Enquirer: 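Attaching a single structure in structure tokens format; questions to follow.
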Amino acid sequence: MLTFPNAKINLGLNITEKRPDGYHNLETIFYPVPVEDALEINTLNEGDHKFRLHLSGLEIAGEAENNLAVKAYKLLDAAFNLPPVDIHLFKRIPSGAGLGGGSADAAFMLKLLNEKFCLALSDEALEDYAARLGADCAFFIKNRATYAEGIGNVFSPVALSLKGYQLWLVKPDIFVSTKEAFAKIKPHRPAQSLKQIIERPVEEWRECMVNDFEESVFPQFPAIGAVKEEMYRQGAVYASMSGSGSSVYGLFNADALLPDVDFGEKAFIYKGRFGDM
Ligand SMILES: C[C@@](CO)(OP(=O)(O)O)[C@H](O)COP(=O)(O)OP(=O)(O)OC[C@H]1O[C@@H](n2ccc(N)nc2=O)[C@H](O)[C@@H]1O
Ligand SMILES: Nc1ncnc2c1ncn2[C@@H]1O[C@H](COP(=O)(O)OP(=O)(O)O)[C@@H](O)[C@H]1O
């Protein structure tokens with residue numbers, strides 16, 4: 001059985017306060033984007049392993065045991081004693097990019113196992129399992145525009161569609177540590193909540209919607225800020241870094257022409273169109 005875990009972008013990201021446990025409260029809107037991995041599972045009939053993981057495409061750091069697709073399998077296996085599985089993951093979503101690719105693989109693995117082994121878990125039950133694998137992981141269960149608060153794990157749906165807009169996504173060859181990016185931020189409450197901002201036309205977002213991480217990340221990595229500037233030079237209606245970086249996206253009108261731009265030899269570049277997601 002085959003599925004295609006997709007990435008997300010953050011539309012706005014306000015870091016509102018530091019908590020006693022060291023984590024930060026924030027508000028953001030997660031929106032699914034059509035950049036996809038491919039994830040396949042088959043029942044494993046040979047050997048005495050519970051799982052085998054085959055990886056291709058972009059490299060993922062870390063051992064197979066720590067792969068989020070495997071962690072998702074282990075979580076449901078502990079509860080339901082699942083048959084052994086052969087897992088194939090083709091990685092197209094860059095890691096450590098603020099695109100949630102690892103979390104997407106985990107959430108889609110839960111959905112895949114639920115279907116393949118007829119576990120009859122509701123979306124809410126799947127969200128509970130997903131939340132144990134990562135803060136933004138549960139978003140990918142319903143996989144629709146979502147307002148997130150708390151540490152990024154308390155969700156409510158938002159009525160928002162970017163259908164028809166073009167998406168230009170660039171991840172320069174730069175690694176940003178999420179932990180360090182948080183450490184450099186002075187949390188503050190925004191003048192206007194993202195819930196209100198998102199109701200305004202996309203053309204107005206540039207004046208009022210921010211990703212607080214840009215303030216700490218752009219001075220350290222000017223090349224990331226330069227990608228955002230380039231998006232606006234090319235006519236983006238709205239452009240921003242996603243999550244804690246290092247990817248940057250631009251939203252363009254349906255008829256805009258997106259030229260070839262050199263963002264560096266190792267940059268990941270995606271151009272596409274939002275559909276019904
Ligand atoms: C900030 C977001 C917004 O989308 O960034 P991206 O990962 O998408 O870039 C996410 O919530 C990130 O979630 P995630 O990437 O899972 O972060 P984690 O691994 O849980 O945390 C890495 C480190 O960031 C800090 N951290 C994380 C989340 C949070 N609400 N407050 C924090 O202070 C902690 O120091 C933690 O040790
Ligand atoms: N299936 C997976 N895909 C991507 N990264 C994974 C996966 N499993 C574990 N990881 C680890 O999770 C980390 C975060 O990856 P990811 O969720 O893609 O990025 P981000 O948090 O920037 O959105 C990576 O550094 C990687 O080591």
Side-chain angles (χ1 to χ4, degrees), residues 3 5-33 35-40 51 53-74 87-110 112 130-140 146-155 169 171 174-187 194 211-214 216-217 224 240-249 268:
T3 190
N6 58 271
K8 60 85 181 157
I9 51 173
N10 295 76
L11 301 172
L13 205 168
N14 299 322
I15 298 164
T16 53
E17 59 185 343
K18 188 164 182 185
R19 299 152 47 111
D21 64 7
Y23 269 64
H24 294 76
N25 285 331
L26 52 85
E27 62 163 2
T28 186
I29 286 161
F30 293 123
Y31 198 92
V33 296
V35 181
E36 296 172 336
D37 290 342
L39 178 65
E40 183 180 22
F51 71 88
L53 176 66
H54 310 265
L55 296 172
S56 53
L58 296 176
E59 203 174 316
I60 304 171
E63 299 297 312
E65 293 283 335
N66 293 323
N67 194 289
L68 280 151
V70 170
K71 285 189 172 174
Y73 170 75
K74 286 186 177 173
I87 306 168
H88 282 88
L89 174 59
F90 179 76
K91 195 78 204 158
R92 260 185 87 218
I93 307 169
S95 304
L99 298 174
S103 301
D105 292 343
F108 276 73
M109 179 59 122
L110 296 176
L112 205 53
R132 295 192 224 165
L133 296 166
D136 58 359
C137 203
F139 154 75
F140 291 100
T146 298
Y147 174 79
E149 53 195 326
I151 59 164
N153 60 343
V154 179
F155 299 149
L169 190 61
K171 186 205 172 262
I174 295 171
F175 173 79
V176 177
S177 154
T178 304
K179 203 183 173 86
E180 279 176 35
F182 268 113
K184 288 196 190 119
I185 296 264
K186 272 205 177 69
L194 265 179
N211 175 346
D212 283 344
F213 280 120
E214 291 183 354
S216 69
V217 171
I224 305 178
S240 173
M241 189 170 78
S242 186
S244 54
S246 59
S247 60
V248 172
Y249 63 86
F268 168 89

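Predicted, not measured: the structure shown is a model, and the values here were computed from it. Both ligands and their constituent atoms are indexed starting at 1 by order of listing.
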Enquirer: Among L68, N66, N67, which residue satisfies the side-chain contact (heavy atoms from CB on, under 4.5 Å) criterion with V70?
Expert: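 Exactly one option meets the side-chain contact (heavy atoms from CB on, under 4.5 Å) with V70, and it is N67.
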Enquirer: List of N/O pairs, ligand 2 versus protein, all under 3.5 Å?
Expert:
residue  : atom   : partner : partner atom : Å
ligand 2 : 1 (N)  : N67     : OD1          : 3.0
ligand 2 : 1 (N)  : D105    : OD2          : 2.9
ligand 2 : 3 (N)  : K91     : NZ           : 3.0
ligand 2 : 3 (N)  : D105    : OD2          : 3.4
ligand 2 : 8 (N)  : L68     : N            : 2.9
ligand 2 : 17 (O) : G102    : N            : 3.1
ligand 2 : 18 (O) : G101    : N            : 3.4
ligand 2 : 18 (O) : G102    : N            : 3.1
ligand 2 : 19 (O) : G96     : N            : 3.1
ligand 2 : 22 (O) : A97     : N            : 3.0
ligand 2 : 22 (O) : G98     : N            : 2.8
ligand 2 : 23 (O) : L99     : N            : 3.3
ligand 2 : 23 (O) : G100    : N            : 2.6
ligand 2 : 27 (O) : A61     : O            : 3.2

Enquirer: Pick out which of V217, I15, L26, T16 makes a side-chain contact (heavy atoms from CB on, under 4.5 Å) with D212.
Expert: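 Looking at V217, I15, L26, T16, the match for D212 under the side-chain contact (heavy atoms from CB on, under 4.5 Å) is I15.
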Enquirer: Looking at CD1 of I185 and OG of S216, how far apart are the two atoms once the value is rounded to the nearest 0.5 Å?
Expert: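 OG of S216 is found 4.0 Å from CD1 of I185.
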Enquirer: Can you list every protein residue that has a heavy atom under 4.0 Å from any atom of ligand 1, sorted by chain and residue number?
Expert: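 Ligand 1 is contacted, at a heavy-atom distance under 4.0 Å, by K8, N10, L13, G22, Y23, H24, L26, F30, G98, I151, T178, K179, F182, F213, G243, S244.
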Enquirer: Distance-only, no hydrogens or angles: does the T28 side chain make a donor-acceptor pair with backbone N or O of A148 under 3.5 Å?
Expert: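 No.
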Enquirer: Under a 3.5 Å distance rule, please check whether N211 uses its side chain to pair with a backbone N or O of S240 as donor and acceptor.
Expert: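 It does not hold such a pair.
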Enquirer: Short question: side chain of S242, backbone of N10 - any donor-acceptor pair under 3.5 Å?
Expert: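 Side chain of S242 to backbone of N10: a pair is present.
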Enquirer: Taking the inter-plane angle between the rings of F213 and F182 on a 0 to 90° scale, is it parallel (under 30°), tilted (30 to 60°) or perpendicular (over 60°)?
Expert: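 Rings of F213 and F182: perpendicular, as their planes differ by over 60°.
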Enquirer: Between D21 (side chain only) and Y23 (backbone N and O only), is there a donor and an acceptor less than 3.5 Å apart?
Expert: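 Pair found, side chain donor or acceptor close to backbone of Y23.
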Enquirer: Do S103 side-chain atoms and D136 backbone N/O form a donor-acceptor pair below 3.5 Å?
Expert: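 Between the backbone of D136 and the side chain of S103 there is no qualifying donor-acceptor contact (under 3.5 Å).
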